[in-house]
A.B. asks: 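Next up is a structure, given as structure tokens.
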Amino acid sequence: MGFSIKTTDALIVVDIQNDFLPGGTLAVPEGDQIIPNVNHLMKKFSALGGRVILTQDWHPSNHLSFASQHPGKNSFDPIEGIAGIGPVLWPDHCVRETTGAAFSSQLDTGKAHLILRKGLHRSVDSYSAFTENDQKTETGLAGYLENAGLKRIFICGLALDYCVAWSAMDGAKKGFETCVLPDLCRGIAPESVQTAEQGMKELGILFISPGDIT
Ligand code: VGL
Ligand code: ZN
């Protein structure tokens, strides 16, 4: 299946930040391996007239998604009862203005037209680049895409089972034609990757490979 890139297309590169890479506090296995191919795609995409958007997880140091904020709880423990937080707690990660929150030095950020930060509110997480986990606070990305006349989105990055999947599912729900590039993604855990893939399929999201983009 071929996808020829138009000026109404956006590539959303999710959370390629030090803390999600090997050595980081919430390392996604093999997360670093996608970077050269993501760089290549960003270059191609922007050369073809598409728009490139980067997202950056950007938490206050006392973010309520961190297990450290819940006495007696550990990272990856399930959490219930706080709207906008969960389903699990995380190690401290991507604290704004720290090295862990910075983009990988290998990522070619120069190709980005827009950098969108998310997860800024202490008591609401935002896996999705569109709508925060309370399911009502908007990041503004949908408005940006609509205003710029962007109709189709391609998504890659970290982590496939959380921020990539939730972004893709919200994009599809908002009416954007949505394609995910699994070859240019890595997930945190196999079980959550499977759940996420199922959820994306049910919404009609297409799984494509970088070679399909021309
Ligand atoms: C992410 C967990 C917590 C992600 C961000 O980028 O997928 N996952 N914060
Ligand atoms: Zn986070």
Side-chain angles (χ1 to χ4, degrees), residues 11-35 38 53-70 73-79 82-104 107 109 112 115-135 137 139 141 153 155-171 178 180-182 184-197 199-200 205:
L11 173 65
I12 303 175
V13 177
V14 176
D15 298 2
I16 304 194
Q17 298 167 254
N18 292 324
D19 273 340
F20 294 126
L21 298 172
T25 59
L26 181 44
V28 180
E30 303 182 348
D32 55 332
Q33 293 184 8
I34 64 173
I35 300 174
V38 169
I53 297 166
L54 304 181
T55 70
Q56 195 169 22
D57 214 31
W58 199 251
H59 298 309
S61 60
N62 62 352
H63 198 255
L64 281 182
S65 75
F66 298 167
S68 62
Q69 298 296 306
H70 303 266
K73 294 271 191 192
N74 296 308
S75 301
F76 307 105
D77 279 355
I79 179 94
I82 310 175
I85 298 294
V88 293
L89 293 170
W90 304 110
D92 291 18
H93 66 278
C94 298
V95 172
R96 62 188 182 203
E97 297 176 80
T98 64
T99 308
F103 288 117
S104 163
L107 187 73
T109 60
I115 296 175
L116 179 101
R117 289 179 172 156
K118 61 182 179 63
L120 298 93
H121 304 116
R122 178 180 190 238
S123 57
V124 185
D125 209 349
S126 193
Y127 299 153
S128 165
F130 288 97
T131 309
E132 300 192 30
N133 291 12
D134 61 0
Q135 299 303 324
T137 309
T139 65
L141 181 59
I153 57 177
I155 309 187
C156 64
L158 307 172
L160 177 57
D161 33 359
Y162 290 94
C163 291
V164 169
W166 289 47
S167 299
M169 292 192 287
D170 274 352
T178 304
V180 167
L181 294 133
L184 302 190
C185 297
R186 289 294 184 274
I188 293 175
E191 309 77 51
S192 39
V193 166
Q194 220 179 9
T195 311
E197 282 175 346
M200 289 190 278
I205 292 164

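Just follow the structure's listing: the first ligand is 1, and inside any ligand the first atom is 1.
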A.B. asks: Say whether Ser126 and Asn133, considering side chains only, have a donor N or O and an acceptor N or O under 3.5 Å apart.
C.D. replies: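 On atom types as modelled, these side chains do not qualify, holding no pair under 3.5 Å.
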A.B. asks: Checking contacts here: is it the side chain or the backbone of Leu158 that comes within 4.0 Å of ligand 1, counting heavy atoms only? Could be both or neither.
C.D. replies: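 The answer is the backbone.
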A.B. asks: Which pair of heavy atoms, one from Gly119 and one from Pro60, lies closest together, and at what distance?
C.D. replies: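 The answer is O-CD, 3.6 Å.
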A.B. asks: Does a donor on one side chain sit under 3.5 Å from an acceptor on the other, for Gln69 and Arg122?
C.D. replies: yes
A.B. asks: Number the atoms of ligand 1 from 1 as they appear, then name those within less than 4.0 Å of a heavy atom of Ala159, with their elements.
C.D. replies: 4 (C), 6 (O), 7 (O)
A.B. asks: Is there a polar contact between ligand 1 and Cys163, counting only N or O atoms under 3.5 Å apart?
C.D. replies: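 In this structure, Cys163 places an N or O atom under 3.5 Å from an N or O of ligand 1.
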A.B. asks: Looking at Asp32 and Arg186, is any side-chain nitrogen of the basic one under 4.0 Å from a carboxylate oxygen of the acidic one?
C.D. replies: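 No.
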A.B. asks: Contact between Phe76 and Leu89 at the side-chain level, heavy atoms closer than 4.5 Å - yes or no?
C.D. replies: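 Counting from C-beta outward, Phe76 and Leu89 never come under 4.5 Å.
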A.B. asks: Tell me: protein heavy atom nearest atom 8 (N) of ligand 1, and distance?
C.D. replies: Tyr162 CB, 3.8 Å
A.B. asks: Can you name the N, O or S atom of Asp57 that is closest to the Zn ion (ligand 2)?
C.D. replies: OD2
A.B. asks: Any idea which N/O/S atom from His59 gets closest to the Zn ion (ligand 2)?
C.D. replies: NE2
A.B. asks: Parallel, tilted or perpendicular: which describes the rings of His93 and His59, with under 30° parallel and over 60° perpendicular?
C.D. replies: perpendicular
A.B. asks: Between Ile188 and ligand 1, does any nitrogen or oxygen pair lie at a separation below 3.5 Å?
C.D. replies: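 No: no nitrogen or oxygen of Ile188 is under 3.5 Å from one in ligand 1.
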A.B. asks: Look at the side chain of Thr131 and the backbone N and O of Thr137, then say whether any donor-acceptor pair between them is shorter than 3.5 Å.
C.D. replies: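 No: the side chain of Thr131 does not pair with the backbone of Thr137.
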A.B. asks: Return the closest protein heavy atom for atom 5 (C) of ligand 1 as residue, atom name and distance.
C.D. replies: Asp57 OD2, 3.1 Å
A.B. asks: Verify side chain to side chain donor-acceptor pair (under 3.5 Å) between Asn18 and Thr99, making sure each step is shown before the conclusion.
C.D. replies: CA-CA 7 Å; Asn18 292 324; Thr99 308; over 6 Å; no
A.B. asks: Is the distance between the Zn ion (ligand 2) and the nearest N/O/S atom of Cys163 smaller than 2.8 Å?
C.D. replies: no
A.B. asks: Would you mind finding which of Asp15, Asn133, Val28 brings a heavy atom closest to atom 6 (O) of ligand 1?
C.D. replies: Asp15
A.B. asks: His93 to ligand 1: N or O pair under 3.5 Å?
C.D. replies: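 Yes; the residue has a nitrogen or oxygen that sits under 3.5 Å from a nitrogen or oxygen of the ligand.
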